[in-house]
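Have a look at the structure below, then the notes.
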Amino acid sequence: MKIFDTHCDALLKLQIAKRNTLFDGEMLDYRKSNDLETNFERLQAGGVKVQFFAIFIHPEFPSDEKWQHALEQVDLFYSEILGKNPLMKHIKEWKDIDQLKPDEIGAVLTLEGADAFGNDLTKLRHLYRLGVLSIGLTWNNANLCADGVGDPRGAGLTVLGKEVVCLNNEHHVFTDVSHLSIKGFWDVMDLAKYPIASHSNARSLCDHPRNLNDEQIRAMFTNNGMIDVVFAPQFINKDSEQATISDLVRHIDYLCSLGGIQQVGIGSDFDGISSHITGLGNASEFPNLINELQKQYTETEVEGFAYRNFLNHRPGM
């Protein structure tokens, strides 16, 4: 079965490896490196048809270096993921997904945190031109657009942040709420035509600030937004580094109980998590999740979670 996965951090791993080559480290081979949970061979083995690749810049980097870090990761997306793997095809517009051949895998470029462009909307427009199709305004920290879930102030969107959401709407780009403060979330609900939670679970089942409460979940579904479940055990079971596939399915069940049967998908966070669900250690093991879902959902519903729900909620389609 085809899989659409809306979040991974392979670009950060590739960037770290490339910088380490200056100190006798080895570059990672995107095609087959065991250090990459979403390497090409694992995507193929797991049936992944579309993989999202996040640009992520650590908030502690000096502000005047963040744009350079972003460009390095974009360059690696083009050179290592697309350039060396002919069957990886860049999804520059949402309709490109429909043109993928049976043996091709679509690659979507995303941005996790507006820190990369600061208050420079020229840089943001450049990212649109480079193919960024989903933007999360924050990681856990605060920046010039909004506060993240980890900032104790908990403020909403700034004037700049609201302008970014409007630009996302104009460019048919998702606005990702997965790391936003609660106030920021509600500001996005007021403005965004294309909201997504690319990697979040249900807070009622696991009380973690990275998860969405019931009111937020209902608002996402009311506003035609997708919620894609994340594989990090600490977002599945409270205060735990362990989880089973059944534990993850409980979150899917809960989201469906709130009206999301046609708006739930997958956002693994592979290559960005330090512990893993038993039986979901990398992209090659996606069939284990599908097999578990097929025990209690119809084939049409499982296809929805795997890929079809996303296809039906693409911006501008």
Side-chain angles (χ1 to χ4, degrees), residues 2-22 25-58 66-113 116 126-136 173-174 176 198-199 228 231 265-273 281-286 307 310 314:
K2 293 185 291 189
I3 300 288
F4 286 15
D5 179 6
T6 58
H7 193 82
C8 83
D9 284 299
L11 292 179
L12 178 62
K13 280 189 174 179
L14 287 168
Q15 183 193 24
I16 292 170
K18 184 175 182 180
R19 285 189 165 221
N20 284 343
T21 60
L22 299 173
E26 292 187 5
M27 187 57 190
L28 299 179
D29 180 353
Y30 177 71
R31 184 173 184 84
K32 60 183 180 181
S33 172
N34 285 331
D35 291 329
L36 292 169
E37 293 158 6
T38 53
N39 71 38
F40 176 73
E41 291 183 353
R42 284 171 167 166
L43 295 184
Q44 279 189 317
V48 176
K49 190 62 179 176
V50 175
Q51 180 65 58
F52 285 40
F53 293 89
I55 303 162
F56 171 69
I57 294 89
H58 199 283
K66 290 180 177 180
W67 180 240
Q68 177 61 32
H69 279 269
L71 291 182
E72 285 180 17
Q73 291 184 33
V74 173
D75 184 64
L76 289 164
F77 176 78
Y78 276 92
S79 64
E80 301 299 315
I81 292 173
L82 300 176
K84 295 181 180 179
N85 299 281
L87 294 179
M88 294 292 295
K89 298 298 179 180
H90 189 188
I91 304 300
K92 297 179 182 178
E93 301 179 51
W94 294 116
K95 63 182 180 181
D96 294 345
I97 293 174
D98 301 323
Q99 306 306 315
L100 290 171
K101 296 176 183 177
D103 58 347
E104 293 176 338
I105 298 173
V108 177
L109 192 58
T110 75
L111 178 66
E112 187 174 27
H126 190 54
L127 290 172
Y128 291 143
R129 296 183 190 108
L130 288 169
V132 168
L133 290 179
S134 180
I135 292 178
V173 167
F174 280 118
D176 189 351
S198 68
H199 55 307
D228 297 340
F231 294 1
I266 295 169
S268 69
D269 206 1
F270 280 142
D271 291 310
I273 50 180
N282 62 64
S284 72
E285 297 186 321
F286 273 120
Y307 70 95
F310 181 87
R314 287 174 288 173

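Both backbone and side-chain heavy atoms feed into the values below; hydrogens, waters and symmetry mates do not.
- In terms of the ring-ring contact (aromatic ring centres under 6.0 Å, His included) criterion, Phe40 has no residue partners (sequence neighbours excluded).
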Evaluate the ring pair (Phe, Tyr, Trp, His ring centres under 6.0 Å) criterion for residues Phe310 and Phe52: first the C-alpha distance (whole Å), next the side-chain angles of each, then the deciding distance (0.1 Å), finally the verdict. CA-CA 12 Å; Phe310 181 87; Phe52 285 40; 5.6 Å; yes

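- Looking at every heavy atom in both residues, Asp9 comes nearest to Glu112 through OD1-OE1, 3.7 Å.
- Taking all atoms of both residues into account, the shortest heavy-atom contact from Met88 to Ala107 is CE-CB, 4.0 Å.
- Val50 places none of its side-chain heavy atoms less than 4.5 Å from the side chain of Tyr307.
- The stretch residues 92-105 participates, sequence neighbours left out, in these side chain to side chain donor-acceptor pair (under 3.5 Å) pairs: Asp98-Arg314.
- Looking only at distances, no side-chain donor or acceptor of Lys13 sits under 3.5 Å from a matching main-chain atom of Gly272.
- Residues Met27 and Thr21 share a closest heavy-atom pair of N-CG2, 3.6 Å.
- Annotation: side chain to side chain donor-acceptor pair (under 3.5 Å) contacts of Glu285 (sequence neighbours excluded): none.
- In this structure, Asp29 and Leu36 approach most closely via the heavy-atom pair O-CD1, 4.1 Å.
- Residues Asp75 and Lys18 are in side-chain contact: their nearest non-hydrogen atoms beyond the backbone lie under 4.5 Å apart.
- For Arg31 (side chain) and Glu80 (main-chain N/O), no donor-acceptor pair under 3.5 Å exists by modelled atom type.
- The closest donor-acceptor contact from the side chain of Asp271 to the backbone of Glu37 lies under 3.5 Å.
- Between Glu72 and Arg19 there is a salt bridge, since at least one side-chain N of the basic residue sits less than 4.0 Å from a carboxylate O of the acidic one.
- Heavy-atom minimum distance, His7 versus Ala54: CE1-CB, 3.6 Å.
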Could you give me the CA-CA distance, side-chain angles and deciding distance for Asn34 and Arg42, then say whether side-chain contact (heavy atoms from CB on, under 4.5 Å) is met? CA-CA 9 Å; Asn34 285 331; Arg42 284 171 167 166; 3.7 Å; yes

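- Looking only at side-chain heavy atoms (C-beta outward), Trp67 and Leu127 come within less than 4.5 Å of each other.
- Between Ile91 and Gly106, the closest heavy-atom pair is CG1-CA, 3.8 Å.
- For Tyr30 (side chain) and Leu11 (main-chain N/O), no donor-acceptor pair under 3.5 Å exists by modelled atom type.
- Looking only at distances, a side-chain donor or acceptor of Asp228 sits under 3.5 Å from a matching main-chain atom of Gly265.
- Side chains of Asn39 and Ser33: no donor on one and acceptor on the other come within 3.5 Å.
- In this structure the side chain of Phe77 reaches within 4.5 angstrom of the side chain of Leu82, judged on heavy atoms.
- Side-chain N or O atoms of Tyr78 include one that pairs as donor or acceptor with a backbone N or O of Leu130 at under 3.5 Å.
- The closest donor-acceptor contact from the side chain of Asn85 to the backbone of Ile81 lies under 3.5 Å.
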Test side-chain contact (heavy atoms from CB on, under 4.5 Å) applied to Gln73 and Leu12, step by step: CA-CA 7 Å; Gln73 291 184 33; Leu12 178 62; 3.9 Å; yes

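- Between Ser268 and the choices Thr6, Asn282, Asp5, the side chain to side chain donor-acceptor pair (under 3.5 Å) rule is met once, by Asp5.
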